[in-house]
Amino acid sequence: MKINSISPVFYNNFGLFKRPKEKSASKIQNYDQSQKGIYVKPIQTTKKQEDTISRALNELKQVEFLPNDVIYMKNLGVNLPFKNGMEAVNYLNSKHIDIMYAEFSDKNVHACLDTSNKTPVVLINSDYKDLATFPDILAISEAMIHEAGHAKDNDSINSIQEEIDCLALNVLAHQHYKKSYPDVFKNQNSPLYLEGVNLYDKLFFDFDPKKEALKRRVSDKYGYLNTASPYHAASLMAREIKEITK
């Protein structure tokens with residue numbers, strides 16, 4: 001999710017984690033829908049949370065998209081922002097994009113990209129701040145690559161197609177992890193899995209050639225957005241999703 005703050009929030013540079021005593025809440029809203037606005041409040045980062053973020057980035061560096069999966073996504077109309085996980089991590093580092101946890105007023109949001117300042121910030125729902133098992137590390141890294149995809153186009157504008165493109169990133173990372181670590185996500189029941197990484201993997205690779213369940217899900221969450229945005233030309237799927245929303 002890409003969101004744009006209407007009031008400033010101070011963030012650390014990528015990787016520094018100075019742990020300020022208090023950070024003020026900021027109203028975050030999508031650029032074209034004020035009723036979709038959420039409030040976020042970055043939280044104090046502990047050493048354990050720093051380690052979780054570091055481990056997630058290290059796992060993401062190893063992600064290679066399976067060639068057949070890339071072809072599959074392109075056939076769905078996906079335009080992938082990155083070719084692999086290393087490319088995404090290098091982008092985050094090169095742009096000094098910070099990653100931290102924050103309290104979200106909407107608990108259904110797993111992560112978001114705040115584009116209100118010159119340097120974007122990846123925010124992860126603080127409900128996940130104590131998740132540190134190996135499957136959790138992998139799932140959090142999938143949220144990171146999704147938000148890195150939003151950052152790649154270097155603007156504050158979001159769209160249905162952009163969400164499809166970024167969702168495809170975490171699904172491809174998920175496929176890599178399932179191949180590298182068989183059964184790693186088995187019996188994981190937190191919202192991060194049930195409403196996030198496991199769900200979208202299932203929806204994108206649904207045997208239904210029309211992908212009706214995927215379209216309904218994206219429509220429910222992102223149908224209020226415009227169909228396309230700069231660097232994210234609308235696919236047939238994005239246009240069909242917009243039609244569902246009308």
Side-chain angles (χ1 to χ4, degrees), residues 1-5 8-20 23 25-26 28-31 38-46 48-61 63 81-82 84-132 136-158 162-163 165-174 192 196-197 200 222:
M1 174 179 286
K2 179 185 288 183
I3 51 182
N4 189 11
S5 174
V9 180
F10 172 79
Y11 299 99
N12 300 317
N13 290 327
F14 181 72
L16 293 181
F17 300 105
K18 294 182 180 177
R19 303 193 192 96
K23 294 183 179 181
S26 171
I28 305 294
Q29 66 177 27
N30 288 293
Y31 73 99
I38 64 171
Y39 288 87
V40 299
K41 183 179 180 181
I43 65 171
Q44 192 170 342
T45 305
T46 67
K48 183 177 180 180
Q49 290 157 3
E50 290 177 25
D51 291 343
T52 296
I53 291 171
S54 178
R55 289 177 62 196
L57 287 169
N58 285 334
E59 288 296 330
L60 188 54
K61 289 178 183 178
V63 168
F82 301 110
N84 51 49
M86 178 64 82
E87 193 174 277
V89 174
N90 286 343
Y91 181 82
L92 290 171
N93 285 325
S94 69
K95 298 300 181 181
H96 306 289
I97 295 176
D98 197 1
I99 301 171
M100 62 175 58
Y101 294 91
E103 296 176 359
F104 292 0
S105 60
D106 184 346
K107 295 300 183 181
N108 294 319
V109 176
H110 302 292
C112 66
L113 181 76
D114 180 3
T115 60
S116 59
N117 296 315
K118 184 176 180 180
T119 302
V121 182
V122 173
L123 300 176
I124 300 170
N125 194 321
S126 62
D127 287 353
Y128 308 142
K129 68 182 185 300
D130 296 322
L131 299 182
D136 296 335
I137 296 297
L138 301 183
I140 289 170
S141 80
E142 292 181 37
M144 290 176 176
I145 195 171
H146 179 110
E147 301 308 331
H150 281 304
K152 179 69 180 299
D153 59 24
N154 196 33
D155 63 38
S156 62
I157 303 172
N158 199 2
E162 183 169 340
E163 289 295 344
D165 293 344
C166 293
L167 286 168
L169 286 174
N170 46 276
V171 170
L172 291 177
H174 197 76
L192 181 59
V197 297
Y200 284 104
Y222 308 112

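Values below: all heavy atoms of this structure, side chains included; hydrogens, waters and symmetry mates excluded.
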Check: Would a distance-only check, ignoring hydrogens and angles, find a side-chain to backbone donor-acceptor pair under 3.5 Å from Glu147 to Leu113?
Finding: yes

Checklist line | Pairwise side-chain contact, Lys95 with Thr119, heavy-atom cut-off 4.5 Å (strictly under) | finding: no

Next item on the list: Looking only at non-hydrogen atoms, find the nearest pair between Ala173 and Glu142 and report the distance.
Entry: CB-CG, 4.0 Å

Notebook entry, point to check: So, do Ile99 and Leu57 sit near enough that their side-chain heavy atoms are less than 4.5 Å apart?
Noted result: yes

Notebook entry, point to check: Where do Lys152 and Pro81 come nearest, in terms of heavy atoms and distance?
Noted result: NZ-O, 2.9 Å

Margin query: Determine whether Met100 and Lys129 satisfy the following criterion, side chain to side chain contact (heavy atoms under 4.5 Å, CB included), listing intermediate values before the conclusion.
Written below: CA-CA 9 Å; Met100 62 175 58; Lys129 68 182 185 300; over 6 Å; no

Margin query: Rounded at 0.5 Å granularity, tell me how far CG in Leu60 sits from CG in Leu92.
Written below: 8.0 Å

Next item on the list: Would you name the heavy atoms of Ile140 and Tyr128 that are closest together and state the gap between them?
Entry: CD1-O, 4.4 Å

Checklist line | Min side-chain heavy-atom separation Tyr222-Met1 under 4.5 Å | finding: yes

Note to self: Check whether Ser54 reaches the backbone of Asp51 with its side chain - one donor and one acceptor, N or O, closer than 3.5 Å.
What the structure shows: no

Item checked: Distance-minimising heavy-atom pair for Asp155 and Thr115 -> O-CG2, 4.0 Å

Margin query: Is there a side-chain contact between Asp130 and Gln49 in this structure, where contact means two heavy atoms from C-beta onward sitting under 4.5 Å apart?
Written below: yes

Next item on the list: Kindly compute the distance separating CD (Glu103) from CD1 (Ile43), expressed to the nearest 0.5 Å.
Entry: 6.5 Å

Notebook entry, point to check: When rounded to the nearest 0.5 angstrom, what distance separates CD in Glu50 from NZ in Lys48?
Noted result: 13.5 Å

Note to self: Working to the nearest 0.5 angstrom, can you tell me the gap between Asp114 CG and Ile97 CD1?
What the structure shows: 11.5 Å

Checklist line | Reported NE2-to-OH distance for the pair His146 and Tyr200, which is rounded to 0.5 angstrom | finding: 8.0 Å

Note to self: When you compare the side chain of Leu123 with that of Phe104, does any pair of heavy atoms fall below 4.5 Å?
What the structure shows: yes

Check: Would you say Ile53 and Met144 make side-chain contact, with heavy atoms under 4.5 Å?
Finding: yes

Next item on the list: Report the relative orientation of the aromatic rings in Tyr91 and Phe82; use parallel for angles under 30°, tilted for 30 to 60°, perpendicular for over 60°.
Entry: tilted

Item checked: Asn158 side, atom CG; His150 side, atom NE2 - distance, nearest 0.5 Å -> 5.0 Å

Checklist line | Taking every non-hydrogen atom, the tightest pair across Asp136 and Ala132 | finding: OD2-N, 3.3 Å

Checklist line | Closest contact, heavy atoms only, Ser141 versus Ala56 | finding: CB-O, 3.3 Å

Item checked: Within-4.5 Å side-chain heavy-atom neighbours: Ile145 and Asn170 -> yes

Checklist line | Check: Ser94 side chain, Asn90 main-chain N or O, donor-acceptor pair, under 3.5 Å | finding: yes

